[in-house]
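Reviewing the structure listed below.
A quick note: this is a predicted structure, and the numbers were derived from the prediction, not measured. The basis for the numbers below is simple: all heavy atoms, side chains too, and nothing from hydrogens, waters or symmetry mates.
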Amino acid sequence: GLLSAMTTAQTAPSGSKLSGSFSISGLAAGFSSQIGERSLRHEALDTGATARQNAMKDAEIGHSAVDTDQELQNLLLIEKSYAANARVIQTVSDMLDRLLQL
């Protein structure tokens with residue numbers, strides 16, 4: 001009975017955007033096809049949006065003449081230099097304290 005129900009052609013449900021009669025596997029294939037089409041459409045929209053976003057970022061960098069990536073690298077370099085200098089000052093302070101204790 002179950003095999004018969006799965007292989008017997010039935011009218012596609014209303015609202016499924018499928019027309020005609022399909023078996024259960026045919027309906028599954030139709031739905032899978034619709035999902036694939038929607039996925040491709042959304043991927044194309046996403047690709048277009050990403051391209052527009054990248055173009056806008058490039059335009060912003062060109063307009064403001066500030067390279068944020070380079071500025072962030074400079075900031076990290078300054079931060080590391082500051083930390084290294086702080087360690088040098090602390091070491092010199094410790095050495096002076098040690099000398100004064102002698």
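Of the possible polar contacts, none joining the S33 side chain to the A29 backbone as a donor-acceptor pair under 3.5 Å is found. Proximity of a side-chain donor or acceptor of S39 to a complementary backbone N or O of I35 within less than 3.5 Å is not detected.
Atom CG of L77 is separated from atom CG of L72 by 11.5 Å, given to the nearest 0.5 angstrom. Note that CG of L76 and CD of E71 are 11.5 Å apart. Values are rounded to the nearest 0.5 Å. Atoms CG and CD, on D58 and Q53 in that order, are 10.5 Å from each other to the nearest 0.5 Å. Once rounded to the nearest 0.5 Å, the distance linking CG of N74 with CD of E79 reads 13.0 Å. Here N85 contributes atom CG and K80 contributes atom NZ; the two are 14.5 Å apart, rounded to the nearest 0.5 Å.
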Pairs of donor and acceptor atoms involving the side chains of residues 88-98, under 3.5 Å and at least two apart or interchain, shall be tabulated with distances.
{"unit_1": "Q90", "atom_1": "NE2", "unit_2": "D94", "atom_2": "OD1", "d": "3.0"}
{"unit_1": "T91", "atom_1": "OG1", "unit_2": "R87", "atom_2": "O", "d": "2.8"}

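Between the side chains of Q73 and D69, not a single donor N or O lies within less than 3.5 Å of an accepting N or O.
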